Amino acid sequence: MLEHVYEKSSRLDKLLFLLRVQEQQLDVTRRWIADEERRQAERIQGERARPPLPDWVMELGIGVGAKPVEIHVGHCYAIGRRRKAITREQALAALAEGVDACTRCRPDTDLGLP
């Protein structure tokens with residue numbers, strides 16, 4: 001039956017139907033674009049609002065009162081989740097007390113230690 005109705009539709013009816021479908025698809029595409037523009041704006045805003053990286057980071061051990069694990073340069077990719085921003089003086093003191101220097105970012109070299 002549907003084929004019968006389709007065959008009786010004029011060419012103009014078919015083209016108008018096609019136009020409505022394409023307009024709906026265009027609306028969907030415009031919504032996708034608006035959503036992506038919003039996500040991009042949020043990402044940029046988040047990057048601008050992010051605090052600057054610390055110069056030095058102490059990676060902390062597990063548990064209350066646990067000893068520090070390593071000292072890192074602030075931008076090191078290998079810093080664990082348990083961390084604390086520290087000053088240059090605190091980094092030097094921790095290394096002098098025997099806390100390990102990260103073998104990837106080499107904070108001891110950046111601090112001028114042999």
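This structure is a prediction, so every number in the text was calculated from the model and none was measured. Along the sequence shown, residues carry numbers from 1.
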Candidate list L19, L15, V21, test side chain to side chain contact (heavy atoms under 4.5 Å, CB included), partner F17, passing option = V21
Let me have the donor-acceptor pairs involving side chains of residues 36-45, under 3.5 Å, with sequence neighbours excluded, atom names and distances please.
residue: E36; atom: OE1; partner: R39; partner atom: NE; Å: 3.2
residue: E36; atom: OE1; partner: R39; partner atom: NH2; Å: 2.9
residue: R38; atom: NH2; partner: D35; partner atom: OD1; Å: 2.3

Linked hydrophobic residues, L95 as query - side chain contacts closer than 4.5 Å = W56, M58, L60, I71, V73, I86, L92, V99, L111, L113
ask   = Do you know which two heavy atoms are closest between G61 and A66, and how far apart they sit?
value =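 Shortest heavy-atom separation between G61 and A66 comes out as C-CB, 3.7 Å.
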How far does [atom1] of [X] sit from [atom2] of [Y], to the nearest 0.5 angstrom?
X	Y	atom1	atom2	value
R11	D13	CZ	CG	12.0 Å
D55	Q90	CG	CD	12.0 Å
E70	C102	CD	SG	5.0 Å
L16	L12	CG	CG	4.5 Å
K67	I62	NZ	CD1	15.5 Å
E59	C76	CD	SG	8.5 Å

ask   = salt bridge (charged side-chain N to carboxylate O under 4.0 Å, His left out): which pairs involve residues 100-114, sequence neighbours left out?
value = R106-D108
